[in-house]
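Only one structure is covered here, and it is reproduced in the block below.
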Amino acid sequence: MTLPDYPDETPQSSAWQARAEQVIPGGVSSPVRAFKGVGGTPRYFTRGSGAWVHDVDDRRYVDLVGSWGPMILGHAHPAVVAAVTEQVALSSSFGAPAPQETLLAEEIRSRVPVAERVRFVSSGTEAVMTAVRLARAATGRDLIVKFAGCYHGHSDALLVQAGSGVATLGLPNSPGVTAGSVKDTIVLPYNDLHAVEQLFAERGHLIAAILTEGAAANMGVVPPAAGFNQSLSRIAHSHGALLILDEVMTGFRVSSGGWWGLTRESGTDAPDILTFGKVIGGGYPLAAVGGRASIMNLLAPLGPVYQAGTLSGNPVAATAGLVTLQNCDETLYTHLDATAQAIGTGVSAELTRAGIPHSLQYASNLFSIFFSANAVTNYAEASTQDTETFARFFHGMLRHGVSLPPSAYEAWFVSGAHGEAEIEHVLTAAKAAVSELNR
Ligand SMILES: *Cc1c(COP(=O)(O)O)cnc(C)c1O
């Protein structure tokens, strides 16, 4: 194979970025896209097909961003394109019920039976916001426990030590979030059960819910220690609190039942509320909150907890999500697992050969590489990584036609369309990028 060696200059992307900055803050609609974590100019993309994306300078890259998770089947998957095209011609939104919502909700519940009822929204942010509101309503309590480095969207109450984009930009918290809106949010270190037990011993009767990612994947990939989520559930339940499992990233990405599908806690060990997003919209704006019927039925119109959305569950997004999930079968997950192993271990081998300290970490097929000597188990450890080496590695990969997430704090995403040729391309690029790290 011939490895591309693209010049550092990006005339068309640079022109678009300069123009965008005149009308959009930072030129971007979501901050990590701006390349602040790695420097340089973000690439402007025009099309994608399978594992590949093409930019305005007519360069092509193997895509390991996958729109941050949704493109699990690859770009422009023919079945998704066909179904969406058909639906768009029949109208994209009624502001009234349509059959696709029920079909998608049934598909989700068949994979995650603890999600007895499902309500659709348009973003993961909304889904978690709704889950928190429900947990407070169901318990009559105010406090929410979250973990440092876990991201649950950008709603005010949850924007404290939130990993992901905030970590990339080195922002501890966000101005504009009032002390009042975060006063009921308690932040603990991830994977620290002792801290959770201690907190509950003191204030358990005031806590509405523990909120945690299925596996933390917004500070780089940091899997929960064995039994961590289950213990959270038990601690919460023994104090009359709930567990909200945020599967916006892991849901239907790491297995056919999301992270819950890998552990299948039931009864009192089960999460009470789950949130989904990314994959369930198949690249369209769709997310969901699901959970026990007794809790979910508190939502209006059955109950008093208000929640709504003009485009919520619109038939285009629901169709894309349904067709995407229908294609997420065991064959796909086996493929994703093998592909993630091949790329992760292959890149790691190049770094090891060059004597570069790093930690390759997996949560099923989600993975990332920390440029740090030791394994990372929480956010404090994640933030000791060498982000400058990551930035140079990132640009080396880009030069050789591989698009990685532009931040050391993000997971890498593979898809059903990443085959042998793409794996070989990524590993050849990694060999070159590692050898050029000191250039
Ligand atoms: C991406 C993400 C969110 C936010 O979803 P958006 O659709 O970007 O609002 C929430 N929680 C987790 C775990 C996520 O990965």
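Both counts, for ligands and for their atoms, begin at 1 and track the order of listing. Values below: every heavy atom of this structure, side chains too, minus hydrogens, waters and symmetry copies. What you see is a predicted model, and the numbers here were worked out from it, not measured in a lab. Start at 1 with the first residue, then count along the sequence.
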Does the side chain of Q100 pick up a donor-acceptor pair with the side chain of Q87 at under 3.5 Å? yes
Parallel, tilted or perpendicular: which describes the rings of F393 and W412, with under 30° parallel and over 60° perpendicular? parallel
Protein contact to atom 2 (C) of ligand 1 [nearest heavy atom, distance to 0.1 Å]: K278 NZ, 2.6 Å
Can S348 and T345 be counted as having a side-chain donor-acceptor contact under 3.5 angstrom? no
Going by the atom numbers of ligand 1, which of them fall below 4.0 Å from some non-hydrogen atom of D246? 10 (C), 11 (N), 12 (C), 13 (C)
Among all protein non-hydrogen atoms, which one is nearest to atom 3 (C) of ligand 1, and what is the separation to 0.1 Å? V248 CG1, 3.6 Å
Considering only heavy atoms of T125, which atoms of ligand 1 have at least one such atom less than 4.0 Å away? 4 (C), 5 (O), 6 (P), 9 (O)
Does H152 approach ligand 1 within less than 4.0 angstrom via side chain, backbone, both or neither, non-hydrogen atoms only? backbone
Let me know which of D272, I273, V114 forms a side-chain contact (heavy atoms from CB on, under 4.5 Å) with R292. D272
What atoms in ligand 1 come closer than 4.0 Å to a heavy atom of E213? 13 (C)
Residue M249 vicinity, atoms of ligand 1 by number, heavy atom under 4.0 Å: 15 (O)
May I ask whether atom 11 (N) of ligand 1 is less than 4.0 Å from at least one protein heavy atom? yes
closest protein heavy atom to atom 7 (O) of ligand 1 is G124 N, 2.8 Å
For N218, counting its heavy atoms only, list the atoms of ligand 1 lying under 4.0 Å from any of them. 12 (C), 13 (C), 14 (C), 15 (O)
What orientation do F228 and Y190 show, parallel under 30°, tilted 30 to 60°, or perpendicular over 60°? perpendicular
Any heavy atom of E247 sitting closer than 4.0 Å to ligand 1? no
On a heavy-atom basis, the closest approach of A209 and A135 is CB-CB, 3.7 Å
With heavy atoms under 4.0 Å as the rule, classify the contact between E126 and ligand 1 as side chain, backbone, both or neither. neither
Is the closest side-chain donor-acceptor distance between Y409 and N218 under 3.5 Å? no
Side chains of I186 and I144, heavy atoms from C-beta outward: is any pair under 4.5 Å? no
